[in-house]
Structures are given as structure tokens and as C-alpha cells.
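Below, all heavy atoms of this structure are taken into account, side chains as well, without hydrogens, waters or symmetry copies. For clarity, every value in this text was computed on a predicted model and none was experimentally measured. Chain A is the first sequence line, chain B the second, and so forth, proteins listed ahead of strands; every chain is numbered from 1.
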Amino acid sequence: MNVTLKKLKDSFPDSIIDTHSFRGDDTAIVKKEHIVKICEFLRDDDDLLYNFMMDLTAVDYLGREPRFEVVYHFYSLKHNRRVRIKAPVPESNCTIDSIVSLWIGADWFEREVYDLYGIVFKGHPNLKRILLYEGFEGHPLRKDYPVKERQPLIGPKN
Amino acid sequence: MSAGQEEGIEKVLGNSVLLTQLDAIVDWGRKYSFFLYPFVTACCGMEFMSVAGPRYDLDRFGAALPRFSPRQADLLMVVGTISHKQAPILVKVYNQMTEPKWVFSFGVCATSGGFYDNYATVQGIDTLIPVDVYVPGCPPRPEMVIDGLLKLQEKVAKEKWSDWPRGEALVSKKGR
Amino acid sequence: MSDLKKTLPTEYMVLNMGPSHPVTHGTVKFLVTLDGETIVDFVVDIGYLHRGFEKMCENSTWEQVFPYTDRLNYVPPMINNVGYALAVEKLLGIDVPERNKYIRVIASELSRISDHLTNVAASGLELGAFTAFLYFVEARELVWDMLESLCGARLTSNYVRIGGLKNDLPEDFKDQTTAVFKRCRELWSDVDKLLTKNRIFIDRVRDVGIMPPDEAIAWGFTGPCLRASGVPYDVRKANPYLVYDRMDFEIPIGEKGDNFDRYLVRMEEIIQSMRIVEQALKEIPSGPINVDMPEYRWQSKDDIYNKIESLIFHFKTVTEGIKPPPGEVYFAVEGTNGELGFYLVSDGRGKPYKCRVRPPCFPLTAAMPRMIKGSLIADVVPTFDMINMIGGECDR
């Protein structure tokens, strides 16, 4: 089970900030500048072969620095293993490289993270809002956006 | 016909018994031949499929045929949650429908926003368009929907010529 | 004739298959650029049913999230409930009793049958096969009757609890199942005779919407659409949860990855799900259905009214919510469209810090342009139907 984490630590010793395996989920926290290299290694290395990019999301840890964390989940069909990669993103420099060049399916997932959290993905072909209407102001899933805030496009505010 | 209705019409038009009967016949025709526009968005759509299905048949009430063009429909059934992104489309479809037209709010999300009290959901479509029947429920049982349809039929049976036309949805004006 | 082509000016037309359209299951907009009837460009616009699931979960206790999960993929609501409950139980590190696991498997498979029936019925309807729609809606009503006798609601069930279930199986459930499945199998074979060898249906769905397997993996496909492309990945077999490792069932794999294979995979999965339910009902043990930990799952009303500790735990868990340890988990179940994953982050309080759903039909809808460019506009209908995009799941 810890094959992945060991290989990552051996190949990228200065990119990995931390690892853990809470409840059996292998997790590695990496520096955001090296995310594309690490994801490519995970996909192409023969012992790992993580060919499914299952999920891409972000978490807002308000009050902590760096504030956001972009979370990737990968699955390897051949070896039947899962791994989670987390990349902290500070609020002041709210950008990270896009992995659309590696998995075309990451396109919409990254648009959703941009829409709801405001994290900009560099190199994304079409970074627009996807779940909310075009002129929406703000990024609703951030912790400082109130849940009952009303932003109607048409009609009264109630 | 109730006495009040006859007084109202006769005041306007004089002693014209024929008009009252024409009213009754036209309303009778309208209430037993709704052409639905199922504006289906969410989970209530599954119950709508059941209501239109073989067990809880909508065809018995004359409301079998869904017409997917607003110009050809007269009953707008708003089925499911309306988000703020969807709201202008709902108003556009409502305005495109020709009169007489009725609106049936199917489910609690269309009636009042449901339990989605947040930044993305319209808290009730009556903030956008005038509604005739509200059927709450999450999702409402098909028997409730049929009850709502029968109440709408009672409402339509009491309509007068002067009720129509009503004009566009008054969304841009505040305090309707 | 060829001179005419040089002198006739033609332009591309942009057609808006808008958000309120009979074929787009409620809430998707397609901007189709057409050259005659051939699709040149295809842009998908979603988000018309975004209801803020994650934000609402962050403002509710761990138990109060269940009704929101019902309304994600609202056609098989039990699977969402089960997936969320299993994810929270993984976070807590608890294991539920055996009887509970069997009942959860039965509930999931009944929901899966209901979803596949709905999908094939809706596809039949939109391609003009109205009879198939009526037969499968009749079958679905019977399955919903069973679900109603199980939990009280036809559609949004809210049946599973963290560490337990709302109530046990009713007494005559097994007899009901036998009668309902007999009728369902009759209706299944009727629709099979109507559609599977039907010239018109085959012409509309064969060789349309093809997705080769390695591209399907790159797009993030899972579920019946991936299995139709030939990749044998099913979470129930790869990472078995509950009691799926004891069940004897097969997963149908397609060859070409076109719409016809997706239809066949779904039809076969209905039969396999019925097998699973019958096996589970035969092997189900007796015993408790709730885990005996009052800090996570409150106890029976007898205990709450008579013992002070049960009362206190009940009060605390209802008003403040259960308190899992801080940490994060990801747990995946096999939803009807693919891998339904829940990523939960807890900070030790009674409300989830983050409750993320990995929607299986999100990458499927994203891949629509890849599957449909170059085809005719009439091919949008069967392709989009067979993906089974459900607005509540794609937009959350």
C-alpha cells in the first residue's frame, strides 16, 4: 500500500512536504510548482500507472496560511490502488498549473474549482465559470461567503 | 353560475344571457384540455413521469399531451428547483406562452425554494411569474398532483372573459 | 451540380438546444454549430440546477446531510445515502452489523434497477418508442412500491443512517420481491423484444457516440459507459464494500463503446441486480441493524425514554451532531453512472468541514463534444440519453 508514497519520496525528495495514511488512504502533500511533474510521474511510471484522474477539488482552510488546498484523487486500474495528492495554494498567489495536458477530463473539474473557489489554473484552455451564471460575483464555496447571500439574476431579492 | 358573476357581466354588457353560457362552455373546454409544458428540472421530474405514466394517468383529466413549444401550450408546469441561472429562461418561456395560460408549481422547490435556502436557488417562482396552483411535497405523491390539477380545473371553471389578457410577467418591476 | 456548390454561399448555423428542452433531461444547454445537419462544433453549458449541495452540507450536521444526498442523483437515491454513510463510517472507523450490510446491498440494487429502468424508458421515449416507456414505468412503479414498503417514500428515501438504518425490513418483503421480480422479468423481456432487434432503434443507436477505451479513461469515464467501451472496471468488484464480495454476479462488458453497447450493458445490469437482491434475501442473517454506539447512532426509543445516558447522547447528537475525529477520507461506491465518490474533511466538530461528491456523470457530459462532433444533429438525442446525465448530480 505504501509503494506509491515511497516511490514519490524517492523520486521527488524536495517536492513532498508531508505524507500520511489516515484510515488507509495514502496522501501526499506536494509543492504546487511541481504538480505537473508529479502527476506525470504517477501516470507513466510502470509500478504506479495511475491512469484515472478521479477527482479534482479544493478545500478552504480559512485562517490558516496557505489558505487553499487543491486535492487530486488518482486510481490505478492495473494495480488497483488509490492515492490522494494535495497542493497548498496561498491566497496571495491563488494560481496553480493546470493538468489538462495530462488528462483531458480535468478540464471541467478545474473550471468548477475556479468557479467556486477562485483558484486560477495556468494553462487551462477555457477558464470560465461553469456552475454559476456569467456575471456572478464572488466565489461561493469560500468560507467567508455567507450561505444565505442572495444574488438573483432577475427578479427580487428575497 | 353564481349571482355575483351574472351581476358583474350584466352591468358591463347589459342583459346578455348568451355571454354567460359561452363563458361556461369555453371554460369547460379549457379545463378539460390542458396542454402541458413540463418545465422539468429536477427530482420532481421523476414523479412527473409517474403521473403521466400508466398507473396515475393524467390522460383521464385531459392533460395528457405535453407540448414542448410554449406557443402551443397553455399549462406551464414548473417541476423542480429553479436556480438563478435558470430563472431568466423560465420568465422567457412564460412570456412566450400565448394567453390564456396557467402556472402549476410542482414541488416545494418551485413553490418556495424547498430546503435550498442559499445563494443559488430562487425562493419560490411566484417571485418571477404569477402562479395558480401550488403543490408542495418533496416530491409530491402523484395523488397530490392530481388533486392540484382538479383544483386548477375548478379555478378555470370560474374564470371570466375579463380575466384575460394579463400581460407579461412583472419581474423587472419591484413590489408586485 | 459541382458548379452550384462553388457559387452557393453557405454559413454555419448556431442552434441553441436550450435548457428547457424535452430531450436534455431538464437542465443542459447545447450550443450546436451546424453545417446543414452535420455538427461542426458543440459546446455544453451546465449549471442550471446548481443548488449549492456542498455549501448546504457545511451548514448542516453530519446526519442532516442525508436528505441532500438523496437529491444528488435522484433516480437511485439509496445509493447516494449508502455511499455517504459508508464514507462517514470509514472516517469514524466503525463497522456496521451484518444484517445492516445485506439490507444496504438490497436497497442499493433496487435503486440501481430503478435507475436503469428509468434510463431505458426515457431513451425509448425520446427516440419515439413510447411503448417501452410505458412498460418500464410500470415496472419502475412496482420497484418503487417495494422501496416504499421499505422506507416510506417512493423517491427521496432518506433511509440510511450513520451506523445504522432507519428501520428494518418489513415482514413480507421476500414475498413481495418474488412477485415484483417475476413481473419485472416479464416486462424486461417485452421491452427486450421491442427494442434490441428493432431495425429503427438499432439504426439510431448503433455506431453513434463511439468512445474508444483509452480516451474514455483519459476523460474520466466510469460505470456503464466505460464498461461499454470495453474496460472492466466496477467498484463492486475492484474494491468490494458491504457484502459484494460474497455475491455471485457478473458485470457486462461492451465491445465498441457506442450507444447500443451502453443500452445493452444497462439492460443486462438490471438482470444482474435482480440476481443480487435474490441472493441477499436468501443469505441475510438476523440480528441488529444499528451499531451499538450511542455517541454515533442513537438507540431505540425505549432506551432513550428510560436510560439517562441514551437520552443525553441522543440530545447531543441531534442538536450538535456527531463528532468524528479530525481527518479526511475518500470512499467510492458504484453508482448507476459510475464511481460515486465522497471526499469528507472533518475538523472534529458536528458539521462537515467539506463534503465533496465526485459526480460520475460530470466527465461523461464533458466528453459529449468528443463523442458527437461529426455526427448528425439527430444523434445528439440517443448519445445524451445513454450517458444518463442527471442534473442533480452533474450540477449538485
Can you tell which part of A:Asp115 gets under 4.5 Å to a heavy atom of chain C, answering side chain, backbone, both or neither?
neither
Counting only heavy atoms closer than 4.5 Å, note whether A:Tyr61 contacts chain C via side chain, backbone, both or neither.
both
Nearest heavy-atom pair of C:Pro325 and A:Arg23: which atoms, and what distance?
CG-NH2, 3.6 Å
When the 4.5 angstrom heavy-atom criterion is applied to C:Ala367 and chain A, the contacting part is neither
Check each atom of A:Ile130 against the heavy atoms of chain C and say whether the ones under 4.5 Å are side chain, backbone, both or neither.
both
Return the option, out of A:Glu112, A:Arg129, A:Met53, with the maximum number of heavy-atom pairs under 4.5 Å with chain C.
A:Glu112
Check: A:Asp60 main-chain N/O paired with C:Tyr353 side-chain donor or acceptor under 3.5 Å:
yes
What part of A:Leu116 gets closer than 4.5 Å to chain C, counting heavy atoms only: side chain, backbone, both or neither?
side chain
Selection from C:His50, C:Lys55, C:Glu339 maximising heavy-atom pairs under 4.5 Å formed with chain A
C:Lys55
Considering residues, nucleotides and ligands other than C:Lys237, do more than 12 of their heavy atoms fall under 6.0 Å from its NZ?
yes
Exam field: side chain C:Lys354 to backbone A:Ala58, donor-acceptor pair closer than 3.5 Å
yes
A:Lys148, part contacting chain C, at a heavy-atom distance under 4.5 Å
neither
Nearest 0.5 Å, please: how far is CG in A:Leu131 from CG in C:Asp45?
10.0 Å
With a 4.5 angstrom heavy-atom cut-off, is it the side chain or the backbone of C:Leu226 that approaches chain A, or both, or neither?
side chain
Which portion of C:Arg396 sits near chain A, non-hydrogen atoms under 4.5 angstrom:
side chain
Checking side chain to side chain contact (heavy atoms under 4.5 Å, CB included) for the pair C:Thr222/A:Met54: CA distance, chi angles, key distance, verdict?
CA-CA 9 Å; C:Thr222 45; A:Met54 276 303 180; 3.7 Å; yes
Is it the side chain or the backbone of A:Arg84 that comes within 4.5 Å of chain C heavy atoms, both, or neither?
side chain
All heavy atoms of C:Pro326 vs all of A:Phe22, minimum pair found to be O-CZ, 3.7 Å
If you tally heavy-atom pairs under 4.5 Å against chain A, which of C:Ala366, C:Pro363, C:Pro359, C:Gly341 wins?
C:Ala366
Is chain A contacted by the side chain of C:Val43, its backbone, both, or neither, given a heavy-atom distance below 4.5 Å?
neither
Check this for me: A:Glu137, atom CD, are more than 12 non-hydrogen atoms of other residues, nucleotides or ligands nearer than 6.0 Å?
no
Neighbour count above 12 (heavy atom, 6.0 Å) for C:Glu255 CD:
no
Whatever's closer than 4.5 Å to a heavy atom in chain C on A:Leu141 counts as both
Is it the side chain or the backbone of C:Phe331 that comes within 4.5 Å of chain A heavy atoms, both, or neither?
neither
Using a cut-off of under 4.5 Å for heavy-atom pairs, which of A:Thr27, A:Asp107, A:Asp55 has the most such pairs with chain C?
A:Asp55
Structural part of C:Glu328 lying under 4.5 Å from a heavy atom of chain A:
both
Could you check A:His73 against C:Arg358 for side chain to side chain contact (heavy atoms under 4.5 Å, CB included), going step by step and ending with a plain yes or no?
CA-CA 10 Å; A:His73 285 93; C:Arg358 187 251 172 205; over 6 Å; no
Based on non-hydrogen pairs under 4.5 Å, which of A:Phe52, A:Trp108, A:Trp103 is most in contact with chain C?
A:Trp108
Given the options C:Asn239, C:Val345, C:Asn59, which has more heavy-atom pairs under 4.5 Å with chain A than any of the others?
C:Asn239
With only heavy atoms counted, which part of C:Leu91 is less than 4.5 Å from chain A, the side chain, the backbone, both or neither?
both
Of all the heavy-atom pairs spanning A:Leu56 and C:Arg356, show the shortest one and how long it is.
O-NH2, 3.8 Å
For A:Arg142, which atoms come within 4.5 Å of any heavy atom of chain C: side chain, backbone, both, or neither?
backbone
Apply the test side chain to side chain contact (heavy atoms under 4.5 Å, CB included) to residues A:Val71 and C:Tyr330: give CA-CA distance (whole Å), side-chain angles for both, the deciding distance (0.1 Å), then the verdict.
CA-CA 11 Å; A:Val71 181; C:Tyr330 176 82; over 6 Å; no
Using non-hydrogen atoms and a 4.5 Å limit, figure out which bit of A:Asn51 sits close to chain C: side chain, backbone, both or neither.
both
